[in-house]
Structure formats: structure tokens, C-alpha cells
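Note that the structure is a prediction, hence the values are computed from the model and not measured. Numbered from 1 within each chain, the chains take letters A, B, ... in sequence-line order.
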Amino acid sequence: MEKFTAVILDFETTGLSPGYGDRAIEIGAVLIRNNQVVDRFQSLMNPGKRISGFIEDYTGITNEMLSKAPSAAHVMEQFASFIAGHNLVAHNASFDRRFLDAELSRIGRTRTREFACSMLAARRIYPDAPSHRLETLVSHLGLQTDGLFHRALADAEMTAQLWTAMIGEIKGTYRLKEVSFDLLQSLAGVAKRAVPAYLERVAVGQ
DNA sequence: TGCCAGGCCCTCTTTAGGGCCTT
């Protein structure tokens, strides 16, 4: 069962680099099991410093909202429990992985499960998409959206839809009986032009 | 306030450079 279960998550942050002092300001996540969303997590978190006007405009999250939010430490303790035992997915996962690991480190905890990247998978499954930004893929594939972007739970929900759409796409194209987290994760290590042959070999093996 | 990164991937490549993607 676990190989068909994953937490799809998204951070809003003060900037691009935790190594230069940037912090998480919101976490949103959905737990999917067999392509169904079965649980959700969302919280703003107070980063202990003011955010720039650019981030306020980009996310719609204001300094006033964050001043009333629980501390990052408190939220991350709860989130660590939410993700415990589950594989993880994010769009451009190298970004969210750095922030997750940095925020967990601040509370003396460590990530124990693997990350998969929906962007790297999408580049291989939808090579002809106009771009592989989350917003563009959602539009290109006609995925359901409430029009809200750059908020953590909304982006996590759309990434989950993208993830399940990709599972459906390769199931249908290659007649795979099942598509696990490990299979989608493994695509990132396969050269783009080798992906069709790779998936055909997987299908034969099933 | 504005700045800061880093991994992937393509090509006019591999003794490199630059666009994409995340906030």
C-alpha cells in the first residue's frame, strides 16, 4: 500500500535560499492514497522576521497575517507528524527539500523518506508542454483549479492532480497495471529520449 | 529593501554557459 501513498507538499518562503537565511512562511500538503486525496495539512508559520514586498505581492501573504501565525517550530512539529512514514513529492522538489530539511533541522528533527519531483517527471511524460511550470501544466492538461496560485495548499492540491494525471497518462499509454511512487521517482534518472523504451520494459515486466 | 541558490538539461558540450523552475 505504501508504494501508492505519498504526501505532496508545497512551501511558501521568504526567498530562494535557506542557506542565506530564508525561512518558510506557509506549508500546504495533501496525503494521497491510491490516487485519492485522503488528508490535508495547511498552516501559515511565523518566520520571526518581516517578509519583503515582493513576497507579499507574490503570495498574498502579508506581514500582518504572519504576525498572528503560530511559530515555525510549532507548525513544523505538527507537520513532521503529518509526513511521518510517507514518501514525499513536490514540484521542483530540490527547492522544497532544502526548506523542509532546514526547518526540520531547526527543531532537531530529520527527514526520513525520499522525495520525488513532479517537474522532472513532467518533463519526461509531457516533453511537448509549453513549459513545465506548475501553472502552465495545470492549464495545458486542463486540471481542476480554483484559480489560486502561489499559496501552499492550492499549489499542493494542483501538484497532486498533476501527479495522478501522470500516473494515468503512463498507465494508459504503456498499459501498465500499476504505477508506484518508485516508478515515477525513477523517471528522473532516465534520459528523456530513453523514457518510452524504459516504460515499455517496465510494462513487459508487469 | 534588495540581494542571496542550486539542480537539471540542452547545446554552438564534456577544459562551459545559460535557460528553466522553485519563492
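Nucleic acid contact class of A:Leu120 (heavy atoms, under 4.0 Å, all strands): sugar-phosphate only. A:Phe99 comes within contact range of no nucleotide atom at all, as no heavy-atom separation falls under 4.0 Å. Note on A:Asp155: only backbone sugar-phosphate atoms sit closer than 4.0 angstrom, heavy atoms only; bases stay farther off. If you check every strand for non-hydrogen atoms under 4.0 Å, A:Arg124 touches sugar and phosphate atoms only.
Spacing between B:dG19 and B:dC4 at atom P, rounded to whole Å, works out to 15 Å.
Under the rule for a side-chain contact (heavy atoms from CB on, under 4.5 Å), the partners of A:Arg111 that lie at least two apart in sequence or sit in another chain are A:Leu88, A:Arg97, A:Leu100, A:Asp101, A:Leu104, A:Phe115. A search for side-chain contact (heavy atoms from CB on, under 4.5 Å) contacts involving A:Pro127 returns nothing, not counting sequence neighbours.
Each of A:Ile51 and A:Thr13 was assigned the nucleotide of DNA chain B with the nearest heavy atom; the assignment lying further toward the 5' end belongs to A:Ile51.
For A:Lys192, no side-chain nitrogen or oxygen approaches OP1 or OP2 of B:dC8 to under 4.0 Å. Within the structure, every side-chain polar atom (N or O) of A:His132 is placed at least 4.0 Å from both OP1 and OP2 of B:dC20.
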Can you tabulate the close N/O pairs, meaning under 3.5 Å, that link protein atoms to atoms of nucleotides 3-7 of chain B?
residue: B:dC4; atom: N3; partner: A:Asp22; partner atom: OD2; Å: 3.4
residue: B:dA5; atom: O4'; partner: A:Ser17; partner atom: OG; Å: 3.4

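Nearest nucleotide to the side chain of A:His150, out of B:dC21, B:dC10, B:dT23: B:dT23.
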